[in-house]
Visitor: 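Take a look at this one; I'll ask things after.
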Amino acid sequence: MTSAIASDTPLAKLLPTNITILQGIHWDTYQNLVRDLESQPGTRLTYDDGTLEIMMPLPPHERYKRLLGRFVEVTTEEIGIEIFSLGSTTWTREDLRKGLEADECYYIQNELAVRGKDVIDLTIDPPPDLAIEVDSTSSSMNRMGIYAALGVPEVWRFDRETLTILSLVNNDYQPREISLVLPIFDAAVLMKFLELSLIMGETSLIRHVREWVREQLAKSSTVVEEQ
């Protein structure tokens with residue numbers, strides 16, 4: 001097991017993660033591990049055509065993914081749109097020999113298509129509209145390639161120093177300034193909120209985000225009325 005030390009940025013210093021890479025792992029073995037580790041939600045498995053990465057994130061990693069998730073939840077609550085939150089659900093496609101657990105994931109535009117479903121089959125059902133990815137080490141796995149293969153339309157990726165909004169275009173992710181899934185957010189605003197988490201308590205930060213969202217909605221309403 002190896003330990004990766006992040007770069008010198010203030011946020012990056014808080015993101016150590018331990019990983020193990022295994023080669024030549026059969027699909028059935030991977031599926032058995034997914035089932036066996038259901039009781040250990042802190043362990044993240046990534047599988048790509050025989051290569052298996054086992055990652056055990058430490059608390060700072062979990063903190064940032066939950067903060068980003070709460071930003072989504074507060075915003076959709078204030079806007080009044082339904083979501084289906086599936087956290088770190090395991091997403092797999094046996095036909096592609098790929099699978100991973102997102103840090104956080106949400107159905108937003110396609111919420112109604114999976115509402116009430118206990119089993120989601122990505123060969124039939126749409127993938128989550130948004131995945132949140134907190135990178136805390138230089139993984140040998142191409143997780144973005146797996147997300148693309150699974151068809152996830154948008155990924156918010158916090159990569160030690162910056163937050164990038166990535167949109168799936170022609171089976172590849174392209175950076176965007178503004179989210180397509182939640183257009184109220186741009187990458188700079190999300191990064192600002194993460195930076196504020198270093199000096200604000202979580203409850204205060206989430207209250208701040210909620211107030212900001214309400215301000216943006218009020219501005220939008222004013223513009224519409226003036227037109």
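Keep in mind that this is a model prediction, so the values were computed, not measured.
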Visitor: For E177, is the CD atom crowded, meaning more than 12 foreign heavy atoms sit under 6.0 Å from it?
Guide: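 Not more than 12 within 6.0 Å, no.
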Visitor: Considering only heavy atoms from C-beta outward, does the side chain of M141 approach that of T51 to under 4.5 Å?
Guide: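 Counting from C-beta outward, M141 and T51 do come under 4.5 Å.
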Visitor: For V134, run the side-chain contact (heavy atoms from CB on, under 4.5 Å) check against E104, E62, R157, K65 and tell me which one passes.
Guide: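 Per the side-chain contact (heavy atoms from CB on, under 4.5 Å) rule, the option paired with V134 is K65, out of E104, E62, R157, K65.
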Visitor: Taking side chain as C-beta onward, heavy atoms only, is Q31 less than 4.5 Å from E94?
Guide: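 A side-chain contact under 4.5 Å is absent here.
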Visitor: Do E215 and K219 pass the salt bridge (charged side-chain N to carboxylate O under 4.0 Å, His left out) test, and can you show the C-alpha distance, the side-chain angles, and the key distance before you say yes or no?
Guide: CA-CA 6 Å; E215 289 173 1; K219 289 178 183 177; 5.4 Å; no
Visitor: Does a sphere of radius 6.0 Å around NE2 in H208 hold more than 12 heavy atoms from other residues, nucleotides or ligands, not counting ones at 6.0 Å or beyond?
Guide: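 Buried by this count: over 12 neighbours within 6.0 Å.
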Visitor: Y106 vs I132, test: side chain to side chain contact (heavy atoms under 4.5 Å, CB included). Steps then yes/no.
Guide: CA-CA 9 Å; Y106 298 89; I132 291 171; 4.1 Å; yes
Visitor: Which distance, rounded to the nearest 0.5 Å, do you find between the CD1 of I83 and the OG1 of T76?
Guide: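 With rounding to 0.5 Å, CD1 (I83) is 3.5 Å from OG1 (T76).
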Visitor: Is the backbone of V189 close enough, under 3.5 Å, to the side chain of D186 for a donor and an acceptor to pair up by distance?
Guide: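 Side chain of D186 to backbone of V189: a pair is present.
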Visitor: Drop me the distance from R176's CZ to T164's OG1, to the nearest 0.5 angstrom.
Guide: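 Interatomic distance, R176 CZ to T164 OG1, rounded to 0.5 Å: 13.5 Å.
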Visitor: Under the side chain to side chain contact (heavy atoms under 4.5 Å, CB included) criterion, do Y64 and D103 qualify, and how do the steps go?
Guide: CA-CA 10 Å; Y64 285 110; D103 285 326; over 6 Å; no
Visitor: Name every donor-acceptor pair, under 3.5 Å, that has one atom in a side chain of residues 200-207 and the other anywhere in the protein, sequence neighbours excluded.
Guide:
unit_1: E202; atom_1: OE2; unit_2: R70; atom_2: NH1; d: 2.8

Visitor: Apply the test side chain to side chain contact (heavy atoms under 4.5 Å, CB included) to residues L68 and L194: give CA-CA distance (whole Å), side-chain angles for both, the deciding distance (0.1 Å), then the verdict.
Guide: CA-CA 8 Å; L68 287 165; L194 289 179; 4.1 Å; yes
Visitor: Tell me which one of K98, R97, R143 satisfies side-chain hydrogen bond (donor to acceptor under 3.5 Å, both in side chains) with D48.
Guide: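 With D48 as partner, K98, R97, R143 yield a single side-chain hydrogen bond (donor to acceptor under 3.5 Å, both in side chains), made by K98.
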Visitor: Can you give me the closest heavy-atom contact between P126 and A113, atom names plus distance?
Guide: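 Heavy-atom minimum between the residues: CG-CB, 4.1 Å.
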Visitor: Measure the spacing between CG of L217 and CD of E78 and express it to the nearest 0.5 Å.
Guide: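 L217 atom CG to E78 atom CD measures 7.0 Å (nearest 0.5 Å).
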Visitor: Could you tell me whether the side chain of E154 and the main chain of L180 form a donor-acceptor pair under 3.5 Å?
Guide: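 Checked: pair present.
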Visitor: Of all the heavy-atom pairs spanning E101 and T90, show the shortest one and how long it is.
Guide: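 Shortest heavy-atom separation between E101 and T90 comes out as OE2-OG1, 2.8 Å.
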Visitor: Looking only at heavy atoms, which two atoms of V181 and D129 are closest? And how far apart?
Guide: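 For V181 and D129, the tightest heavy-atom pair comes out as CG2-O, 3.5 Å.
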Visitor: Check whether I178 and M191 end up in the same hydrophobic cluster, where Ile, Leu, Val, Met, Phe, Trp and Tyr are linked by side-chain heavy atoms less than 4.5 Å apart.
Guide: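 No, it is not one cluster - the side chains of I178 and M191 are not joined through contacts under 4.5 Å.
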Visitor: What distance do D49 atom CG and N142 atom CG have between them, rounded to the nearest 0.5 Å?
Guide: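 Spacing of CG (D49) from CG (N142) equals 12.5 Å.
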Visitor: Treating Ile, Leu, Val, Met, Phe, Trp and Tyr as nodes and any side-chain heavy-atom pair under 4.5 angstrom as an edge, say whether V34 and L96 lie in one connected cluster.
Guide: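 No, V34 and L96 fall in different hydrophobic clusters.
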Visitor: Membership question, hydrophobic clusters at under 4.5 Å side-chain separation (ILVMFWY): are I199 and L190 in the same one?
Guide: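 Yes, it is one cluster - the side chains of L190 and I199 are joined through contacts under 4.5 Å.
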Visitor: State the CD1-CD1 distance between I19 and I54, to the nearest 0.5 angstrom.
Guide: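 Here the interatomic distance stands at 11.0 Å.
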Visitor: With distance as the sole test, does R93 use its side chain to make a donor-acceptor pair with the main-chain N or O of D95 at under 3.5 Å?
Guide: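 No, R93 side chain to D95 backbone: no donor-acceptor pair under 3.5 Å.
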Visitor: When rounded to the nearest 0.5 angstrom, what distance separates OG1 in T29 from OH in Y47?
Guide: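 The distance works out to 8.0 Å.
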Visitor: Please report the closest heavy-atom contact between G151 and P127, naming both atoms and the distance.
Guide: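 That would be O-CG, 3.1 Å.
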Visitor: Just wondering, are more than 12 heavy atoms of other shown residues or ligands nearer than 6.0 Å to CG in N171?
Guide: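 Open.
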Visitor: Are L182 and W156 close enough, and set up right, to give a side chain to side chain contact (heavy atoms under 4.5 Å, CB included), and what steps lead you there?
Guide: CA-CA 11 Å; L182 287 175; W156 293 357; 4.2 Å; yes
Visitor: Taking ILVMFWY side chains as joined if any heavy atoms are under 4.5 angstrom apart, and letting links pass through other members, which residues group with M144?
Guide: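 Listed partners: F84, L86, W91, L100, Y107, V114, I120, L122, I146, Y147, L150, V152, V155, L166, L168, Y173.
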